[in-house]
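Here is the structure we will look at, set down as structure tokens.
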Amino acid sequence: MNKHILKFEFKSLLNNYSVLFFGLFFPIILTSLITIGVTKNIPLAYLNDVKLSILYRINIISPISIFLIGLASVFAKDLEEGVYDRLELFSISHLKMAKYKFFVYFLYWFVCNAIYFIVMPNVLDIDIEFISIVKHTCFIVILATTMFLFSYGLSLFTKNYSIAFGTTMVMYFMIIILSGMMGVEVDDLPNFINKIAKILPTAHFSSQDYLSEISASGRLNYSFLQNLLVFLLIALIFFLASIYKSKRKN
């Protein structure tokens with residue numbers, strides 16, 4: 001790997017303060033506040049499961065913030081200003097650049113995720129199985145990759161900061177609202193909106209079955225995994241189409 005490109009990408013990421021906040025601190029703050037508000041009247045026998053559900057549910061905000069909004073807010077602006085046109089003169093393709101970006105953003109997310117699962121179980125005083133964290137993280141990796149491919153593809157396809165950032169922001173709020181992360185459960189949404197929400201794989205993170213599925217004795221939900229993979233495939237096709245479009249234009 002080219003250390004100069006890695007240094008440039010890390011510097012670009014760390015200069016984006018919104019990614020630093022929403023990727024690391026916001027999920028921790030939101031999980032704490034929601035837990036305090038929700039668990040006041042919960043019977044002691046159900047308290048640990050309720051806290052675990054909130055813990056896993058809010059955790060998906062971090063990869064969505066980092067890989068969807070964070071990437072688009074920086075990459076689309078640089079593309080619009082022609083920063084990456086200079087790199088293409090040195091035979092550094094967008095496919096190669098995507099590998100560098102994914103490595104940098106994935107490493108940052110992994111650190112944020114590790115901090116989240118080290119800090120929050122102690123703050124919330126809950127019992128959590130390590131195997132559950134591993135299973136959950138595997139699903140999050142698929143989700144994060146999907147967000148990255150779509151955000152990279154959108155930025156490259158439009159090369160316009162306003163369009164790319166505006167689109168990802170709308171997607172971000174739709175995902176967190178329809179996935180039950182803003183205080184309204186998925187089942188409590190109006191019937192029509194509820195049907196739309198259940199199409200999204202992110203809504204399953206808020207379901208009652210998810211905790212049992214990722215437990216040590218839990219079985220894999222193939223329908224949920226298939227849904228995640230379908231969205232990953234759609235994002236991959238869009239990503240490859242954007243690279244092909246960029247090559248044709250060049």
Side-chain angles (χ1 to χ4, degrees), residues 5-6 8-24 26-27 59-85 87-88 92-113 139-179 181 200-202 205 227-247 249:
I5 298 178
L6 280 177
F8 170 78
E9 292 299 338
F10 271 116
K11 185 177 179 181
S12 178
L13 171 64
L14 295 176
N15 283 336
N16 189 343
Y17 299 114
S18 63
V19 172
L20 299 179
F21 176 74
F22 286 101
L24 177 59
F26 183 64
N59 178 244
I60 72 172
I61 287 179
S62 181
I64 295 172
S65 299
I66 294 170
F67 289 93
L68 185 64
I69 297 180
L71 176 63
S73 64
V74 175
F75 187 43
K77 190 168 186 269
D78 287 342
L79 285 170
E80 190 175 48
E81 295 174 353
V83 173
Y84 289 93
D85 292 342
L87 293 176
E88 288 183 293
I92 300 175
S93 66
H94 276 291
L95 190 59
K96 185 181 292 185
M97 184 54 59
K99 295 176 183 177
Y100 282 100
K101 281 191 175 294
F102 184 78
F103 175 79
V104 169
Y105 279 77
F106 185 86
L107 183 60
Y108 173 68
W109 165 77
F110 187 82
V111 172
C112 291
N113 199 58
F139 292 132
I140 294 296
V141 168
I142 299 174
L143 176 65
T145 306
T146 302
M147 296 294 106
F148 174 84
L149 291 173
F150 181 81
S151 184
Y152 194 102
L154 180 66
S155 301
L156 184 58
F157 197 84
T158 61
K159 293 189 178 181
N160 184 294
Y161 170 78
S162 299
I163 295 175
F165 184 65
T167 302
T168 53
M169 280 296 290
V170 170
M171 288 182 61
Y172 174 80
F173 283 108
M174 284 182 62
I175 290 171
I176 64 174
I177 292 172
L178 295 178
S179 301
M181 288 178 280
L200 299 174
T202 50
F205 290 101
N227 207 4
L228 274 174
L229 294 176
V230 166
F231 275 84
L232 175 63
L233 180 61
I234 293 171
L236 177 60
I237 292 171
F238 181 66
F239 167 77
L240 294 174
S242 68
I243 288 183
Y244 178 75
K245 176 181 175 290
S246 179
K247 283 183 178 180
K249 187 175 180 181

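Side chains are part of it too, since the values below use all heavy atoms of this structure and drop only hydrogens, waters and symmetry mates. For the single chain, residues carry numbers from 1 onward in sequence order.
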### Message
Let's go through L24 and Y108 carefully: what are the C-alpha distance in whole Å and the side-chain angles of both, what is the deciding distance for side chain to side chain contact (heavy atoms under 4.5 Å, CB included) to 0.1 Å, and is it a yes or a no?
### Response
CA-CA 9 Å; L24 177 59; Y108 173 68; 4.2 Å; yes

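- Under the side-chain contact (heavy atoms from CB on, under 4.5 Å) test applied with Y105, the options F110, F67, Y100, Y152 reduce to a single match, F67.
- Going from atom OH of Y172 over to atom CD1 of I177 covers 10.5 Å, rounded to the nearest 0.5 Å.
- Put simply, the side chain of I243 reaches to within 4.5 Å of the side chain of L156, judged on heavy atoms.
- A perpendicular orientation is assigned to the rings of F10 and F103, their planes being inclined by more than 60° (bins at 30° and 60°).
- A donor-acceptor pair under 3.5 Å is formed between the side chain of T146 and the backbone N or O of I142.
- Nearest heavy-atom pair across A72 and S155 is CA-OG, 3.6 Å.
- Between D78 and S12 there is a side-chain heavy-atom pair separated by less than 4.5 Å.
- Taking the six-membered ring where tryptophan is involved, the planes of Y161 and F165 are essentially parallel, since the angle between them stays under 30° and well short of 60°.
- Going from atom OG1 of T145 over to atom CG of L228 covers 10.5 Å, rounded to the nearest 0.5 Å.
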#### Entry: Step-by-step side chain to side chain contact (heavy atoms under 4.5 Å, CB included) determination, I69 to S18
CA-CA 9 Å; I69 297 180; S18 63; 5.7 Å; no

### Query
Passes side chain to side chain contact (heavy atoms under 4.5 Å, CB included), N113 versus N59? Steps please.
CA-CA 8 Å; N113 199 58; N59 178 244; 3.0 Å; yes

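- Within 6.0 Å of the CZ atom in F173, the count of heavy atoms belonging to other residues, nucleotides or ligands does not exceed 12.
- Rounded to the nearest 0.5 angstrom, I237 CD1 and L232 CG are separated by 10.0 Å.
- Within a 6.0 Å sphere centred on CE of M174, other residues, nucleotides and ligands contribute 12 heavy atoms or fewer.
- With contacts defined as side-chain heavy-atom distances shorter than 4.5 Å, the pair L143/F139 does not qualify.
- Rounding to the nearest 0.5 angstrom, the gap separating the CZ atom in F75 from the CD atom in E9 is 8.0 Å.
- Taking 4.5 Å as the limit, some side-chain heavy atom of F239 sits within range of a side-chain heavy atom of L95.
- I176 CD1 to I60 CD1: the interatomic distance, rounded to the nearest 0.5 Å, is 9.5 Å.
- Looking only at side-chain heavy atoms (C-beta outward), I64 and M171 stay at 4.5 Å or farther from each other.
- Of all non-hydrogen atoms in T168 and S151, the two that sit nearest each other are CG2-OG, 4.4 Å.
- At most 12 heavy atoms of other shown residues, nucleotides or ligands fall within 6.0 angstrom of atom NZ in K77.
- The shortest distance between side-chain heavy atoms of T167 and I163 falls below 4.5 Å.
- Using a 4.5 Å cut-off on side-chain heavy atoms (C-beta onward), L20 and L14 make contact.
- Residues G70 and N16 share a closest heavy-atom pair of O-ND2, 3.4 Å.
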### Task
For side chain to side chain contact (heavy atoms under 4.5 Å, CB included), just list the numbers for I66 and F106, CA-CA rounded to whole Å, side-chain angles, deciding distance to a tenth of an Å, and then say yes or no.
CA-CA 9 Å; I66 294 170; F106 185 86; over 6 Å; no

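- Nearest approach of P27 to I61, heavy atoms of both residues: CG-CG2, 4.4 Å.
- Between W109 and F148, the closest side-chain pair of non-hydrogen atoms is not below 4.5 Å.
- Side chain of S65 to main chain of G23: no donor-acceptor pair is present (N/O by atom type, distance under 3.5 Å, no hydrogens or angles).
- Taking the six-membered ring where tryptophan is involved, the planes of F238 and F157 are tilted, since the angle between them lies from 30° to 60°.
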